[in-house]
Structure formats: structure tokens, C-alpha cells
Chemist: 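I'd like to ask some things about the structure below.
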Amino acid sequence: MPNPESDDYKFLRIVDATTSINQKVNLIGVVTEAGIPKQSKGTDCCCTIRIVDESNPSSGISVNVFAETFDKLPNVESTGDIIQLSHVVMKLHGSEVNAVFNKRFSAFALYEGSDFSNFVPYQVSSKFHAREQDNKFIADLRKWTITHLPETESNGFFQLNSIKQGIRSNLICKVLHICEVTQGEWMLFVWNGTDAPPLDIHSKLEEELKNPLCLQLEEPPLSRDVLCSFPTVGTVLRLTADRCNARLALQLLKVGRWVQFRNIQFEAREGLWCGILMHSSKFSYLSDDNKVVLEFQREYKKRFKGKWTRMPLSSFPWPPNLTKTEHEHVPLVTLMDIITYPKVLYKYRCVVRVVATLPGEATNFRGPSGIYRLRLTLEDATARIHACLYDKDAEKFFGGYPDDDKMIKLHKVLLGIDENNGKARNPPWIDCCLKSYYVDKSDMWGSRRYGIFDTKFIGLSD
DNA sequence: TTGGGG
């Protein structure tokens with residue numbers, strides 16, 4: 001029986017714990033963030049979580065937890081939840097003090113942060129023993145949390161529009177999907193309703209046949225079923241952990257939850273945005289009624305208010321007048337709308353960029369018989385697709401059969417090729433009509449293709 | 001033991 005008078009009963013305030021180096025202490029605190037669970041260099045799994053209390057409400061201390069398996073690590077449901085830690089050892093690391101959870105003698109229990117009537121922990125470690133007296137501390141901490149838990153940092157740039165290459169930043173997003181891309185390496189698909197900005201394209205057009213610009217970063221591509229579960233507006237950002245090590249337990253993240261990531265590196269891969277989880281990246285789950293989460297959802301809903309609101313945010317207010325379609329009354333859709341449209345055969349209008357052509361040389365757009373046959377790689381903020389531009393549709397697009405000089409010029413404008421800017425191109429947004437169709441009646445979805453039609457290029461002044 | 005960081 002624990003004796004209420006003994007030291008074993010006491011919880012130390014975090015400030016007091018930081019002066020108890022190398023001592024075993026009991027702590028109770030509010031979880032503000034967690035590191036991604038990892039395999040340790042030894043035989044264990046580990047994760048670091050940060051906790052605060054009334055005595056240290058801003059920085060708090062980090063707790064390093066070790067366990068034999070991932071599911072024995074504390075799996076914090078939401079930022080603001082309460083963790084009770086027994087027999088953790090305070091360790092000095094540089095000038096910082098951490099608490100170390102040792103699986104041989106430490107114990108933890110996790111409680112919901114906001115349900116004031118619930119004193120049953122939702123996760124406990126094997127050595128945890130519940131005590132009647134703990135409830136008072138949990139209740140007090142909950143009361144304190146209402147007024148003192150730091151707000152979600154809304155001043156950081158969480159909008160995808162402001163991400164920059166090579167810069168680390170924070171991101172608030174919803175986890176849509178997680179999949180294993182190569183053995184032990186997981187990819188996260190996240191979204192917050194905003195568009196990532198368009199990137200320069202560096203692929204070599206003359207190598208488009210042998211080494212085509214990819215349509216997505218994951219291999220194999222996601223199934224149609226998974227794609228159909230994604231929102232069709234706003235960028236679905238791919239996040240990987242390949243920079244730190246492939247053993248990160250990314251698959252433990254909860255699909256469907258809003259998360260705040262800290263210290264994510266953003267990079268361009270194949271002209272597509274990729275978020276990279278670093279060793280020092282942290283995350284915390286946000287509740288669905290979190291202020292910032294609700295703000296993202298409000299902003300997202302606004303994107304559907306008008307007829308043209310599915311246009312990429314970065315082409316605002318209107319794409320440059322390079323093309324003209326014969327269906328200007330038709331509302332715009334995104335490429336994800338097209339990919340996930342429930343019918344194989346349909347017609348659409350969208351605003352896209354031409355990021356590659358096959359053939360890569362404008363002088364080869366027509367086959368030996370003189371008929372146009374091109375494949376364009378199109379992208380918007382939501383996806384990339386291949387679209388054909390054949391025969392009569394191409395004749396309409398190019399305004400007949402321009403000579404080589406004119407076609408080369410046209411190609412450069414269409415792909416945003418700037419001779420002065422080395423190999424990179426920055427394709428402009430164009431307005432175009434697309435149709436979806438099939439080439440094999442026995443496998444209509446499997447052989448679904450896209451083609452440009454009823455669109456005319458008018459971007460050359462002469 | 002491990003980790004905490006780049």
C-alpha cells in the first residue's frame with residue numbers, strides 16, 4: 001500500500017524536478033508535443049514528449065521514454081492530455097534537464113485533457129498502479145489547462161502557399177493517408193485545404209521519352225479508391241522521413257486526425273513539393289474543435305462559394321490569356337476532380353500548367369503522316385496527369401499547322417521556357433478543356449485516358 | 001543501453 005506521507009506519493013513541480021538531477025521523481029504534466037516514435041540505437045523504441053505544468057508553463061521539460069515495442073510507448077491522443085509519470089530519473093544533458101523513463105521501474109498513465117469527469121486513463125504502462133489520490137492532481141491540472149495551455153501557434157506559417165524550398169517550418173494539416181512506399185519506409189499524405197505554390201520544372205524535355213517527368217512521388221501510385229477518398233481541392237502534400245532514417249514509426253500516426261508538425265523541411269522533388277520529417281521534427285495532435293483547425297475548415301469552405309473558385313490560388317485573379325476555350329460558361333474543376341470523377345467518360349474545364357511535352361521538341365509534334373500526336377503532362381495544385389493532344393484537337397489548339405519557327409516559339413511560351421534561366425522552366429497557367437475516355441472497353445477504368453479539346457492557344461501576339 | 005541535435 002502506498003503511504004500518502006512518503007515521497008513516493010508526491011508529484012514534483014517541473015521547476016523542482018529540474019533541480020533533482022539523477023533522482024527518481026514523480027511528475028504530472030500536460031503534453032504539448034511529441035517527437036516521432038523511433039527505434040533506439042539499442043534494442044528499444046523511444047520517443048520524446050514535452051510536458052508543461054503551472055510551474056513551467058512555456059518551455060516545460062522533455063521526457064525520453066523507452067519501451068520494447070512501439071505500442072508500449074505513450075500514444076498521446078491530443079495535445080493538452082495529461083500524463084502521469086512515476087519513478088522517472090532526472091538527467092542533465094548540456095544545460096538542459098530531461099526526465100528519462102526507464103522501462104524497468106518507471107510507469108506512466110495518459111488521461112484525456114478536457115473530459116473533467118473522467119479519471120480513467122486511456123493508456124497505462126505495465127508498471128502503473130492507479131491511486132485514488134491522483135484524481136485531485138489530474139482535476140487541478142485540467143482546471144489550470146483551460147486558461148493556461150498555450151494556444152496553437154497560429155503565427156507560424158501553416159498555409160501551404162508560403163512554404164519555401166530548403167526552409168524548415170511548421171505545418172498544421174490533416175493526415176489523409178499513410179502507406180509504405182519501400183520496405184520500412186512510409187509516406188504520409190496530408191492536406192489543409194490550401195494550395196502549395198507552383199515550382200520551377202528542371203526535367204530535360206529531350207529525355208521525356210526515356211526519363212519522363214513523374215506524375216507522383218510515390219511508387220506504385222495510389223489506387224483509385226484511395227485517391228477518391230481525398231479532397232479534390234487543396235494540395236495533398238507528401239511527407240517522407242527518408243532524411244533521418246527509415247525506421248521512423250510513421251505508420252503510427254492516426255489517419256483522419258489534424259496534426260501540428262514542427263520543424264519540417266520542404267523540398268522540391270521532380271518539381272513536386274515534398275515535406276521531409278527531420279530527426280528534430282515534432283508533432284502534436286490537435287482536437288477537431290481547435291481554433292486553427294476550424295479556421296482552416298472555414299477558409300476551405302470559402303473556396304466553393306463561386307463558380308471559378310476551384311482555380312489554383314496562385315493563378316489569382318485569372319490565368320494569363322494564353323488560351324481560349326469554346327466553353328467559357330463551364331465551371332472550373334481541379335485535376336483531382338477529374339481523376340476521381342465517378343464516370344469514365346466526361347468533359348471538364350480546368351486551369352493547369354503544361355510541365356512537359358512528349359515529344360520534347362516542337363518540331364516533332366507531328367508524326368510521319370503529318371498528323372499531330374503529343375502527350376502533355378499537366379499539373380495544378382492537386383495533381384499531375386498525362387493528356388493527349390491529337391490530330392484535329394491539336395490542329396485547333398495550334399491554329400492549323402504553323403511553321404517550325406512559330407511552333408518553337410509557341411512551345412516556349414506554353415512551357416514557360418526562359419532561355420536566360422538555364423534549364424528551369426516556369427509554365428504559365430492555361431485555361432483548357434479536357435475529356436476523359438477509355439481505350440479498352442473490357443477495362444474502362446484501367447485504360448482511362450485524358451485528352452485536350454476545344455481549346456485554342458492564342459498566346460503569340462504576331 | 002538507448003536519447004536529447006546536426
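Chain letters run A, B, ... following the sequence lines, proteins first and then strands; every chain starts at 1.
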Chemist: Could you tell me if N56(A) and S59(A) have a donor-acceptor pair between their side chains, going purely by distance under 3.5 Å?
Modeler: yes

Chemist: Report the residue (E96(A) or F101(A)) whose heavy-atom-nearest nucleotide on DNA chain B is the more 5′ of the two.
Modeler: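 Nearest-nucleotide comparison on DNA chain B picks F101(A).
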
Chemist: Under 4.0 angstrom, heavy atoms only, what part of the nucleic acid is K282(A) near: base, sugar-phosphate, or nothing?
Modeler: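 Counting heavy atoms under 4.0 Å across all strands, the contact made by K282(A) is with sugar-phosphate only.
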
Chemist: For chain A and DNA chain B, what are the first and last nucleotides along the strand, 5' to 3', with at least one atom under 4.0 angstrom from a heavy atom of the protein chain?
Modeler: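 Boundary nucleotides touching chain A, in 5' to 3' order, are dT1(B) to dG6(B).
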
Chemist: Considering heavy-atom distances to DNA chain B, does L92(A) or K103(A) have its closest nucleotide positioned more toward the 5' end?
Modeler: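 The residue whose closest nucleotide sits nearer the 5' end is K103(A).
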
Chemist: According to ring pair (Phe, Tyr, Trp, His ring centres under 6.0 Å), who are the partners of W191(A), at least two apart in sequence or on a separate chain?
Modeler: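 Listed in chain order: Y300(A).
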
Chemist: Tell me every residue that passes ring pair (Phe, Tyr, Trp, His ring centres under 6.0 Å) with F283(A), counting only those two or more places apart in sequence or in another chain.
Modeler: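 Ring pair (Phe, Tyr, Trp, His ring centres under 6.0 Å) check on F283(A) returns Y285(A).
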
Chemist: Side-chain atoms of residues 105-113 of chain A: list all donor-acceptor pairs with protein atoms under 3.5 Å, sequence neighbours left out, distances to 0.1 Å.
Modeler:
unit_1	atom_1	unit_2	atom_2	d
S106(A)	OG	H87(A)	O	2.7
S106(A)	OG	N102(A)	N	2.8
S106(A)	OG	N102(A)	O	3.1
Y111(A)	OH	Q84(A)	OE1	2.9

Chemist: F119(A): what forms a ring pair (Phe, Tyr, Trp, His ring centres under 6.0 Å) with it, not counting sequence neighbours?
Modeler: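 For F119(A), no residue satisfies ring pair (Phe, Tyr, Trp, His ring centres under 6.0 Å) once neighbours in sequence are set aside.
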
Chemist: With sequence neighbours excluded, tell me which residues meet side chain to side chain contact (heavy atoms under 4.5 Å, CB included) with A67(A).
Modeler: K72(A), L73(A)

Chemist: Classify the nucleic acid contact of T48(A) as base, sugar-phosphate or nothing, counting any heavy atom under 4.0 Å across all strands shown.
Modeler: sugar-phosphate

Chemist: Using a heavy-atom cut-off of 4.0 Å across all strands, would you classify V100(A) as base, sugar-phosphate, or nothing?
Modeler: base

